[in-house]
Amino acid sequence: MPATVNDEPRNIPRHIAIIMDGNGRWARERGLPRTEGHRRGADTVRTVCDACGELGVDFLTLYAFSSENWKRPKREVQALMKLLEQFLRTRTPEMMEQNIRLQAIGRLHALPPACQQQLHRSIEQTSQNTGLTLILALSYGGREEIVDGVKSLLDSIERGHLDKGMIDTEVFSKHLYTRYYPDPDLLIRTSGEMRLSNFLLWQLSYTEFYITETLWPDFGKEDLINAIRAYGQRHRRFGAVA
Ligand code: IPE
Ligand code: IPE
Ligand code: MG
């Protein structure tokens, strides 16, 4: 029987991270341009945010554009950036209505100026909201984040704020883009690929993985609930004997 929101799973992850993949394949299957897949993918973002809000998820991190995605054809990159700006502009009023707080991680300065401006405007506007925290990973790479973290650590040492002997995993976490958020409990990847593609390498150490064949534009509330249900069946041991 298909799951519905009325039939809510009980063990809700506090933080869900999603590798939103398969937009291009979705479009190709329909003989449409890849950008149409991205446009439909943006609609899925809205559906998934609504569902996470309803279910009481606290943090949702979405991998929207990777460091490596800059290698795509210029036209596709431009279309994605335009879509991002449009998404932020048109969806910010909805985020206000739904009490969603927007955040972003990644090398944000690499984004086109218009995107950066809109992003900062949306982050600022939603900063007092207390519901779901939506974190967009943009121009994000896990290795780049770790390198930036090392630089930030060295800076703190140089300025005399930190002693080398004090560095441990807790301290290092505080130098990552994600320093304000807990690690993800559940990672979802759509479209069946079994890899991390440079996503949250540090933070996913003990995250439960859920891979679905469903392509991102087709992913809906039911799929999210199925993922959360599967998560609820997992036995998280964190290396201990249980
Ligand atoms: C995910 O869909 C969106 C981004 C990476 C920006 P893809 O564009 O990777 O879709 P496929 O993998 O080619 O189907
Ligand atoms: C990962 O998907 C990046 C995003 C979803 C933003 P890709 O489609 O870029 O990953 P690969 O190239 O298949 O590993
Ligand atoms: Mg892909």
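Both counts, for ligands and for their atoms, begin at 1 and track the order of listing. Computed from a predicted structure; not experimentally measured.
Partner Trp216 forms a side chain to side chain contact (heavy atoms under 4.5 Å, CB included) with one of Val48, Asp223, Ile188, Ile19 and no other, that one being Val48. Put simply, the residue from Leu88, Leu84, Leu111 that forms a side chain to side chain contact (heavy atoms under 4.5 Å, CB included) with Gln118 is Leu88.
Closer than 4.0 Å to atom 11 (P) of ligand 2 lies at least one heavy atom of the protein.
Contacts between Met20 and ligand 1 below 4.0 angstrom, taking non-hydrogen atoms only, involve the backbone exclusively. In Asn69, the part holding a heavy atom less than 4.0 Å from any atom of ligand 1 is the side chain. Of all the heavy atoms of Lys71, none lies under 4.0 Å from any atom of ligand 2, so neither backbone nor side chain is involved. At a 4.0 Å heavy-atom cut-off, ligand 2 touches Phe65 through the backbone alone.
Remark: ligand 2 and Arg195 share an N or O pair separated by less than 3.5 Å (distance only, no angle test). Where the criterion is an N or O separation shorter than 3.5 Å, residue side chain and backbone included, Ser66 fails it with respect to ligand 2. Below 3.5 Å of separation, one finds no N or O of Trp26 facing any N or O of ligand 1.
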Exercise. For salt bridge (Lys or Arg N to Asp or Glu O under 4.0 Å), just list the numbers for Lys71 and Glu68, CA-CA rounded to whole Å, side-chain angles, deciding distance to a tenth of an Å, and then say yes or no.
Key: CA-CA 6 Å; Lys71 291 189 268 186; Glu68 289 73 20; 6.0 Å; no
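Arg189 counts as a contact of ligand 2, since one of its heavy atoms falls under 4.0 Å from the ligand. Ligand 1 lies within reach of Gly22, whose nearest heavy atom is under 4.0 Å from it. Under a 4.0 Å heavy-atom criterion, Ala64 is in contact with ligand 1.
Side-chain contact annotation: Thr214 with Thr190, donor-acceptor N/O pair under 3.5 Å absent. Counted by atom type alone, Thr207 and Asp183 present zero donor-acceptor pairs between their side chains at under 3.5 Å.
Listed by number with element, the atoms of ligand 1 under 4.0 angstrom from any heavy atom of Gly24 are 7 (P), 8 (O), 10 (O), 11 (P), 13 (O), 14 (O). For ligand 2, the atoms closer than 4.0 angstrom to any heavy atom of Ser197 are 1 (C), 10 (O), 11 (P), 14 (O). Here is the list of ligand 1 atoms found below 4.0 Å of a heavy atom in Arg25: 11 (P), 12 (O), 14 (O). Residue contact check: Asn23 has heavy atoms under 4.0 Å from atoms 1 (C), 2 (O), 3 (C), 7 (P), 10 (O), 14 (O) of ligand 1.
Under the 4.5 Å side-chain criterion, counting only non-hydrogen atoms from C-beta, Tyr140 is not in contact with Ile135. For the pair Pro217/Asn23, a side-chain contact is recorded, criterion being any heavy-atom separation below 4.5 Å from C-beta on.
Among the backbone and side-chain atoms of Asp21, an N/O/S atom is found under 2.8 Å from the Mg ion (ligand 3).
The environment of CD in Glu29 is crowded: more than 12 heavy-atom neighbours from other residues, nucleotides or ligands sit within 6.0 Å. The environment of Tyr180 atom OH is sparse: at most 12 non-hydrogen atoms of other residues, nucleotides or ligands sit within 6.0 angstrom.
Of all protein heavy atoms, the one closest to atom 6 (C) of ligand 2 is Tyr63 O, 3.3 Å.
By the 4.0 Å N-to-carboxylate-O rule, Glu36 lies too far from Arg30 to be salt-bridged with it.
For atom 9 (O) of ligand 1, the nearest non-hydrogen atom from the set Arg28, Arg72, His38, Arg34 comes from Arg72.
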N/O donor to acceptor pairs below 3.5 angstrom from side-chain atoms of residues 150-157, sequence neighbours left out:
{"residue": "Ser152", "atom": "OG", "partner": "His175", "partner atom": "ND1", "Å": "2.7"}
{"residue": "Asp155", "atom": "OD2", "partner": "Arg159", "partner atom": "NH2", "Å": "3.4"}
{"residue": "Ser156", "atom": "OG", "partner": "Ser152", "partner atom": "O", "Å": "3.2"}

